[in-house]
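Below, all heavy atoms of this structure are taken into account, side chains as well, without hydrogens, waters or symmetry copies.
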Amino acid sequence: KEDTAKFQDSVIGALIGLGMAVNGKQPTKTTNAVMLEGLFTTITNVNFDNTSLDALVEKIRSVTNTYSGGGCSGCGCSGNYDYDMDKLWTADEDVRSAKSLILFGLKGVAAYAYHAAVLGYENADVNAFFYKALAAVGSDMTVDELVPLILETGAINLKCMEMLDKANTDAYGRPAPTEVPFTIEKGPFIVISGHDLKDLELLLKQTDGKGINIYTHSEMLPAHGYPKLKAYKHLKGNFGTAWQNQQKEFENIPAPVLFTTNCLMPIRASYADRVF
């Protein structure tokens with residue numbers, strides 16, 4: 001909705017301020033974590049809660065303020081480091097398009113980096129690029145100057161995907177094609193959605209031997225291909241189809257649903273009490 005979109009713009013504006021303040025400096029683990037959280041939060045189907053988005057803006061500002069004398073000069077802000085997002089959306093259409101490519105690409109990189117970080121993996125080049133690229137989005141660079149940065153965004157994305165693949169395979173083995181049942185067996189069960197394989201592993205460990213079956217949903221489906229995850233016999237199969245169908249498929253579902261990261265649609269009353 002429009003109000004949530006504006007709160008998400010506030011998050012991005014604060015992140016651009018953080019990028020301008022930190023670019024060229026050495027960020028801390030805390031700074032990197034806030035950067036990943038902020039970018040990831042604004043991806044489609046992650047967060048619809050305006051209160052938490054507003055709190056995240058304050059969290060980002062607090063971190064930015066620790067970098068005294070950051071690159072705020074000339075950004076047009078007043079009282080904080082936030083970039084005015086209206087300057088982006090009302091810019092020349094080619095500049096707006098180029099910066100949007102970079103910005104939306106960064107969000108995807110942040111999602112991959114976030115999941116890799118959960119498994120203990122990070123890359124200094126990937127982390128440094130977030131600040132460099134966001135500083136560029138907040139700058140007066142021309143399209144000709146932005147095009148190389150767009151290409152670099154793609155290269156960094158590939159590097160980050162390689163890191164996440166290594167993190168997943170080191171933790172859970174190399175995935176292989178696997179036949180996945182779509183039938184639901186009798187008995188209590190839990191449905192788990194999203195991308196976070198670590199959350200699935202923890203759930204499988206906690207339910208092992210308790211007579212509770214686990215079913216993946218939507219973008220958690222690839223988990224069945226990893227040897228160390230499919231070794232759990234109570235990981236039975238997949239429930240439902242794609243994330244956009246969840247409101248219909250979860251109607252009065254007789255089981256809890258665990259969301260891990262994104263793939264979340266606005267929750268309906270018929271299953272709201274069973275969502276975690």
Are any side-chain N or O atoms of [X] and backbone N or O atoms of [Y], one a donor and one an acceptor, separated by less than 3.5 Å?
X      : Y      : answer
Thr169 : Arg174 : no
Ser139 : Ala136 : yes
Arg274 : Ser270 : yes
Gln247 : Pro266 : yes

Which heavy atom in [X] sits nearest to a heavy atom in [Y], and how many Å separate them?
X      : Y      : value
Leu106 : Leu39  : O-CD1, 4.1 Å
Pro148 : Asp144 : CD-O, 3.2 Å
Ala113 : Cys160 : N-SG, 3.4 Å
Gly138 : Ile16  : CA-CG2, 3.7 Å
Tyr131 : Val22  : CD2-CB, 3.6 Å
Val34  : Lys59  : CG2-CE, 4.0 Å

Approximate separation, where rounding is to 0.5 Å, of [X] [atom1] and [Y] [atom2]:
X      : Y      : atom1 : atom2 : answer
Thr261 : His115 : OG1   : NE2   : 3.5 Å
Leu203 : Ile190 : CG    : CD1   : 5.0 Å
Asp92  : Thr142 : CG    : OG1   : 10.5 Å
Leu134 : Ile102 : CG    : CD1   : 9.5 Å
Lys248 : Thr241 : NZ    : OG1   : 7.0 Å
Phe259 : Met265 : CZ    : CE    : 10.0 Å

Determine, step by step, whether Tyr81 and Asn65 satisfy the side chain to side chain donor-acceptor pair (under 3.5 Å) criterion, reporting the C-alpha distance in whole Å, the side-chain angles of both residues, the deciding distance to 0.1 Å, and the verdict. CA-CA 8 Å; Tyr81 288 78; Asn65 287 335; 5.0 Å; no
Please determine, by modelled atom types, if [X] and [Y] share a side-chain donor-acceptor pair under 3.5 angstrom.
X      : Y      : answer
His195 : Thr260 : no
Asp86  : Thr90  : no
Ser52  : Asn47  : yes
Thr31  : Thr28  : yes
Ser193 : Gln246 : no
Thr216 : Asn238 : yes
Asp165 : Tyr112 : no

More than 12 heavy atoms of other groups within 6.0 Å of [X] [atom1]:
X      : atom1 : value
Glu251 : CD    : yes
Tyr114 : OH    : no
Lys107 : NZ    : yes

Using 4.0 Å as the upper bound for N to carboxylate O, is an ion pair formed by [Y] and [X]?
X      : Y      : result
Glu58  : Arg61  : yes
Glu2   : Lys6   : yes
Glu201 : Lys228 : no

Check whether [X] and [Y] end up in the same hydrophobic cluster, where Ile, Leu, Val, Met, Phe, Trp and Tyr are linked by side-chain heavy atoms less than 4.5 Å apart.
X      : Y      : answer
Leu235 : Tyr172 : yes
Val57  : Leu88  : yes
Trp89  : Val95  : yes
Leu36  : Met163 : no
Leu164 : Met220 : no

Could you give me the CA-CA distance, side-chain angles and deciding distance for Leu229 and Leu204, then say whether side-chain contact (heavy atoms from CB on, under 4.5 Å) is met? CA-CA 8 Å; Leu229 294 176; Leu204 290 169; 4.2 Å; yes
Identify, with sequence neighbours excluded, every residue that meets side chain to side chain contact (heavy atoms under 4.5 Å, CB included) alongside Gln8. Thr4, Thr42, Leu53
Answer whether the closest heavy-atom distance between the side chains of [X] and [Y] falls below 4.5 Å.
X      : Y      : value
Val118 : Lys198 : yes
Ile212 : His234 : no
Tyr83  : Met85  : yes
Phe130 : Leu18  : no
Phe129 : Thr153 : yes
Lys99  : Met141 : no
Phe189 : Ile214 : no
Glu179 : His224 : no

Whether Tyr271 and Phe250 hold their rings parallel, tilted or perpendicular, with breakpoints at 30° and 60°: perpendicular
Could you work out, with salt bridge (Lys or Arg N to Asp or Glu O under 4.0 Å) as the rule, every residue matching Glu93, not counting sequence neighbours? none
After noting the C-alpha distance and the side-chain angles of Lys132 and Leu149, does the key distance pass the side-chain contact (heavy atoms from CB on, under 4.5 Å) rule? CA-CA 9 Å; Lys132 173 184 176 181; Leu149 197 64; 3.9 Å; yes
Would Val191 and Leu258 count as a side-chain contact (heavy atoms from CB on, under 4.5 Å) here? Give the steps. CA-CA 6 Å; Val191 175; Leu258 175 61; over 6 Å; no
Run the numbers on Thr44 and Asn262 for side-chain contact (heavy atoms from CB on, under 4.5 Å), then give the verdict. CA-CA 8 Å; Thr44 305; Asn262 47 326; over 6 Å; no
